[in-house]
K.L.:
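One structure is given below, represented as structure tokens, and several questions about it will come after.
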2 protein chains.
Amino acid sequence: MTEAITHLKVPMEEQRLCLGPDGSVAHVSHVLATIGGRWKLPILFRLFAQPAWRPSQLLRDIDGISQKMLTQHLRDLEADGLIARHDFGEQPPHVEYTLTDAGRDLMPALMAVRDFARRHQS
Amino acid sequence: MTEAITHLKVPMEEQRLCLGPDGSVAHVSHVLATIGGRWKLPILFRLFAQPAWRPSQLLRDIDGISQKMLTQHLRDLEADGLIARHDFGEQPPHVEYTLTDAGRDLMPALMAVRDFARRHQS
DNA sequence: CAGCATCCCTCTGGATACTG
DNA sequence: CAGTATCCAGAGGGATGCTG
């Protein structure tokens, strides 16, 4: 590689769509921030594979997670509108978590990321 | 919401596809790790909007980035196969970065994430 | 121009123990 | 069972200055 790289022109529209304070970068960054926690994907994918989980089930099923991080991530995901908390008000306590419509709508995008990873598996 | 949530059955195939050491979670997590740096999306989207950039251009164009983080992220992205470094061996130094085929292939997945963010913009 | 080295600080997340 | 509180170590990243 000793030859200068051709700088193909790209329409300014494309640039504005990608960059800037409210462009693609900001949108994607925001989503990545909401799913960026250490255990958020394991939680989301479980709620996708099986619609309702109790915290104790997740705690047992997700290997290595602590109760503190489970609760914290569930709170975050709920605040970001990806999952919903259902309290049955029973004694002993009974709580279940499910994906929201937004949470379900996110999964195809994550599958696109997964498919990319599969295509370029090392 | 006082009624028990119906636990719809999901095929075991789906579960194995999503979870486990080599399932979707691992794949997506790996990709998120490679693009998770503070300035990696700004870099990738710029290389997507315009094919070749010199480090000094990126340093001027990406508001707030330091030279240390620019170099570090460029190294990481190169090691992960998303971008390529082209050294023209001139004096003064002349280096350009471009997306690799893999890097270009990643963008549609990121666009899917962006479109999700747009649909659910708050 | 491209890149490296050092210091420092914040934030995430792990371990542990406790409450209703 | 569901959730909270505290302490603490490590990674990520900002500021600054230097080299070929």
Side-chain angles (χ1 to χ4, degrees), chain A residues 1-2 4-5 7 25 29-44 46-47 52-80 83-98, chain B residues 1-2 4-5 7 25-26 29-44 46-47 52-80 82-98:
Chain A
M1 174 64 72
T2 55
I5 297 162
H7 287 249
V25 171
S29 293
H30 179 250
V31 175
L32 294 196
T34 67
I35 63 176
R38 172 77 179 79
W39 305 99
K40 287 185 181 174
L41 289 180
I43 293 172
L44 289 174
R46 272 167 183 77
L47 263 52
W53 289 72
R54 301 180 65 158
S56 56
Q57 290 181 303
L58 292 168
L59 197 56
R60 265 181 274 112
D61 200 68
I62 302 177
D63 194 58
I65 196 175
S66 67
Q67 197 167 65
K68 169 193 169 185
M69 291 313 300
L70 176 63
T71 304
Q72 181 174 312
H73 281 164
L74 289 173
R75 291 278 174 283
D76 292 345
L77 291 169
E78 188 190 7
D80 288 322
I83 69 175
R85 181 180 184 274
H86 310 274
D87 191 333
F88 293 85
E90 301 174 355
Q91 201 56 253
H94 182 180
V95 173
E96 293 188 1
Y97 287 91
T98 62
Chain B
M1 172 65 70
T2 54
I5 296 162
H7 287 249
V25 171
S29 293
H30 179 250
V31 175
L32 294 195
T34 67
I35 63 176
R38 171 78 179 78
W39 305 100
K40 287 186 180 174
L41 289 181
I43 294 173
L44 288 174
R46 272 168 183 78
L47 263 52
W53 289 72
R54 301 182 64 161
S56 55
Q57 290 181 302
L58 291 169
L59 197 58
R60 264 181 276 111
D61 200 68
I62 303 177
D63 195 58
I65 196 173
S66 66
Q67 198 167 62
K68 170 193 168 183
M69 291 313 300
L70 175 63
T71 305
Q72 181 174 312
H73 281 164
L74 289 173
R75 290 281 174 280
D76 292 344
L77 292 170
E78 188 190 6
D80 287 322
L82 295 180
I83 69 174
R85 180 179 185 274
H86 309 275
D87 190 333
F88 294 87
E90 301 174 354
Q91 202 57 251
H94 181 181
V95 173
E96 292 188 1
Y97 287 91
T98 62

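Every chain is numbered from 1 and lettered A, B, ... according to where its sequence line falls, protein lines coming before strand lines.
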K.L.:
For B:Thr71 and B:Arg60, find the nucleotide of DNA chain C closest to each by heavy atoms; which residue's nucleotide sits nearer the 5' end?
P.N.:
B:Arg60
K.L.:
Looking at the side chain of B:Arg54, which of C:dC1, C:dG14, D:dG14 is the nearest nucleotide?
P.N.:
C:dC1
K.L.:
To the nearest 0.5 Å, what is the distance between CG (B:Leu47) and CG (B:Leu82)?
P.N.:
10.5 Å
K.L.:
Would you say A:Leu77 and A:Thr34 make side-chain contact, with heavy atoms under 4.5 Å?
P.N.:
no
K.L.:
Nearest whole angstrom, please: distance from the P of C:dC1 to the CG of B:Asp61.
P.N.:
15 Å
K.L.:
Return the value, rounded to whole Å, for the distance between atom CD of B:Gln72 and atom P of C:dA2.
P.N.:
18 Å
K.L.:
To the nearest Å, how far apart are A:Ile65 CD1 and C:dG13 P?
P.N.:
10 Å
K.L.:
Rounded to whole Å, please give me the gap between CG in B:Asp87 and C1' in C:dG3.
P.N.:
11 Å
K.L.:
Would you indicate which nucleotide in D:dG3, C:dG13, C:dA2 comes nearest to any side-chain atom of A:Met69?
P.N.:
C:dG13
K.L.:
To the nearest Å, how far apart are B:Leu70 CG and D:dG12 C1'?
P.N.:
16 Å
K.L.:
Figure out the OH/C1' separation between B:Tyr97 and C:dC1, and round it to whole Å.
P.N.:
12 Å
K.L.:
Heavy atoms only: give me the nearest A:Leu74-A:Ile43 pair and the separation to one decimal.
P.N.:
CD2-CG2, 4.0 Å
K.L.:
Could you tell me if the side chain of B:Gln91 sits less than 4.5 Å from the side chain of B:Pro93, heavy atoms only?
P.N.:
yes
K.L.:
For A:Thr71, which of A:Arg75, A:His73, A:Met69 qualifies under side chain to side chain contact (heavy atoms under 4.5 Å, CB included)?
P.N.:
A:Arg75
K.L.:
Is the distance from OP1 or OP2 of D:dA2 to the nearest side-chain N or O of A:Arg85 less than 4.0 Å?
P.N.:
no
K.L.:
Are the side chains of B:Pro42 and B:Lys40 in touch, meaning some heavy atoms are under 4.5 Å apart?
P.N.:
no
K.L.:
For C:dT12 and A:His73 - does any side-chain N or O of the residue sit under 4.0 Å from the phosphate oxygens OP1/OP2?
P.N.:
no
K.L.:
To the nearest 0.5 Å, what is the distance between CD (A:Gln57) and CD (A:Glu96)?
P.N.:
7.5 Å
K.L.:
Let me know the distance between CG of B:Asp76 and C1' of C:dG3, rounded to the nearest Å.
P.N.:
15 Å
K.L.:
Where the side chain of A:Pro92 is defined as all heavy atoms beyond and including C-beta, which of D:dG3, D:dC1, C:dG3 is the nearest nucleotide?
P.N.:
D:dC1
K.L.:
Please test A:Val25 against B:Leu44 for side chain to side chain contact (heavy atoms under 4.5 Å, CB included), starting from the C-alpha separation and ending with a verdict.
P.N.:
CA-CA 9 Å; A:Val25 171; B:Leu44 288 174; over 6 Å; no
K.L.:
Looking at A:Trp39, I'd like to know whether one of its side-chain N or O atoms comes within less than 4.0 Å of OP1 or OP2 on C:dT12.
P.N.:
no
K.L.:
Each nucleotide in nucleotides 15-20 of chain C should get exactly one letter: B, S or -. Can you fill that in based on protein heavy atoms under 4.0 Å?
P.N.:
B----B
K.L.:
Kindly calculate the angle separating the two end axes of the helix from C:dC1-D:dG20 to C:dG20-D:dC1, each obtained from five base pairs, and round it to 10 degrees.
P.N.:
40°
K.L.:
Would you check if B:Leu70 and B:Trp39 make a side-chain contact, meaning some heavy-atom pair closer than 4.5 Å?
P.N.:
no
K.L.:
What is the minimum heavy-atom distance between A:Leu41 and B:Ser29, and which atoms define it?
P.N.:
CD1-OG, 3.4 Å
K.L.:
Rounded to the nearest Å, what distance is computed from the NZ atom of residue A:Lys40 to the C1' atom of nucleotide C:dG13?
P.N.:
12 Å
